[in-house]
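Heavy-atom basis, side chains included; hydrogens, waters and symmetry copies ignored.
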Amino acid sequence: FRTQHEYGIQIEPQKKSMIQSRLSKRMRALDLSDFSSYCALVESNDAAEKENFISAITTNVTHFYREVHHFKQLQSVILPELADRARSGAKVRIWSAGCSTGPEPYSIAGSILKEIPNAQSLNIKVIATDLDREALAKAKAAEYPKDQCQTPGPEWEAQVFDREDRSTTRRVKPDVARLVEFQQINLNGVWPSLGTFDVIFCRNVAIYFDREVQNRLWKRFI
């Protein structure tokens, strides 16, 4: 597959069995008997199957306020200055690049509302992007199984979720969800016009890229 050329994703040899297991599910769904037939289908630029292929090879493991020290820095150091700018009429944009199923951008939005309670009335947005359309669909739904809603503590939980109820899922607070806009973007491809950003979160994404792709990405972020 042209995963590295087209998407920048470098699949290590030790992940071969994992990838084969994931793609086998697609082969069974398509009634294909061998990997060469599946490769030919994806290489033919079948748009629908390329989306399924991306969902199969990417790993969407994340949780709310993951690596919480980043969010402590955001809240205590970065957001106070951005709040002053927003209140003076400036536009504030934060990019969650490689947002997966949504916990990161919703965590950012929760932090924004904690520090800037009137953010809804200001020109503040979190732009959340990912390559995987299936992951983005889950993110837009803003609803998660309870076992995926752990946070570092009650104070962080309260920034994103209302009081827990008896259902098996939890929904992100509506005012938190309204601060986030989702788009599909291939970080290794052509980007739409996104404008400029005050903060860029790009965590646990570039680890799938080789050094050349990483360096090219850092330069594009500047």
Do [X] and [Y] have side chains that get closer than 4.5 Å, going by heavy atoms?
X: L82; Y: V199; answer: yes
X: K72; Y: Y65; answer: no
X: Y144; Y: P103; answer: yes
X: L217; Y: C202; answer: yes
X: R87; Y: I116; answer: yes
X: T62; Y: C99; answer: no
X: Q75; Y: Q159; answer: yes
X: I112; Y: L79; answer: yes

Query raised in the report: Can you list the residues that meet the salt bridge (charged side-chain N to carboxylate O under 4.0 Å, His left out) rule with E212, with sequence neighbours excluded?
Result: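 Per chain and number, E212 pairs via salt bridge (charged side-chain N to carboxylate O under 4.0 Å, His left out) with R216.
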Between the main-chain N or O of [Y] and the side-chain N or O of [X], is there a donor-acceptor pair closer than 3.5 Å?
X: T151; Y: G153; value: yes
X: R170; Y: D147; value: no
X: D130; Y: S100; value: yes
X: R178; Y: K173; value: no
X: Q214; Y: A206; value: yes
X: R203; Y: R66; value: yes

Hydrophobic clusters here meaning ILVMFWY residues chained together by side-chain heavy-atom distances under 4.5 Å, can you tell me if [X] and [Y] are in one?
X: V68; Y: I108; answer: yes
X: F201; Y: I185; answer: no
X: I127; Y: V160; answer: no
X: I200; Y: L194; answer: yes
X: F221; Y: V205; answer: yes

Query raised in the report: Among pairs that include at least one residue of residues 157-189, which meet ring pair (Phe, Tyr, Trp, His ring centres under 6.0 Å), considering only residues two or more places apart or in two chains?
Result: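 Residue pairs passing ring pair (Phe, Tyr, Trp, His ring centres under 6.0 Å), neighbours aside: F64-F161, Y106-F182.
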Could you pull out all donor-acceptor pairs under 3.5 Å where a side-chain atom in residues 88-96 meets a protein atom, sequence neighbours excluded?
from: S88; atom 1: OG; to: R85; atom 2: O; distance (Å): 2.7
from: R93; atom 1: NH1; to: N123; atom 2: O; distance (Å): 3.2
from: R93; atom 1: NH1; to: N123; atom 2: OD1; distance (Å): 3.0
from: R93; atom 1: NH2; to: N123; atom 2: OD1; distance (Å): 2.9
from: W95; atom 1: NE1; to: T129; atom 2: OG1; distance (Å): 2.9
from: S96; atom 1: OG; to: E104; atom 2: OE2; distance (Å): 2.6

Query - Parallel, tilted or perpendicular: rings of Y38 and F53 (30°, 60°) - result: tilted
Report task. Mind checking side chain to side chain donor-acceptor pair (under 3.5 Å) for D31 and listing every partner two or more places apart, or none if nothing turns up? Result -> none
Query raised in the report: Residues in side chain to side chain donor-acceptor pair (under 3.5 Å) with K146, at least two apart?
Result: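 Side chain to side chain donor-acceptor pair (under 3.5 Å) check on K146 returns E164.
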Interatomic spacing from [atom1] in [X] to [atom2] in [Y] - rounded to 0.5 Å:
X: K138; Y: D132; atom1: NZ; atom2: CG; answer: 8.0 Å
X: I124; Y: N118; atom1: CD1; atom2: CG; answer: 7.5 Å
X: S24; Y: F35; atom1: OG; atom2: CZ; answer: 3.5 Å
X: D162; Y: R171; atom1: CG; atom2: CZ; answer: 11.0 Å

**Report entry** Full working for side-chain contact (heavy atoms from CB on, under 4.5 Å) between R133 and Q184
**Finding:** CA-CA 7 Å; R133 284 190 187 276; Q184 185 196 34; 2.7 Å; yes
Specify the closest pair of heavy atoms between [X] and [Y], including all atoms of both residues, with the distance to one decimal.
X: L113; Y: A119; value: CD2-CB, 3.9 Å
X: P105; Y: V126; value: CB-CG1, 3.9 Å
X: V180; Y: A109; value: CG2-CB, 3.9 Å
X: W191; Y: N186; value: NE1-O, 3.4 Å

Report summary line: Those residues at least two apart in sequence (or on a different chain) that pass side-chain contact (heavy atoms from CB on, under 4.5 Å) with K25 are R28
Query raised in the report: Got a sec: does the NZ of K114 have more than 12 other heavy atoms crowding it under 6.0 Å?
Result: no
Requested in this report: Inspect the surroundings of CD in E81 and state if more than 12 heavy atoms from other residues, nucleotides or ligands are less than 6.0 Å away.
Outcome: no
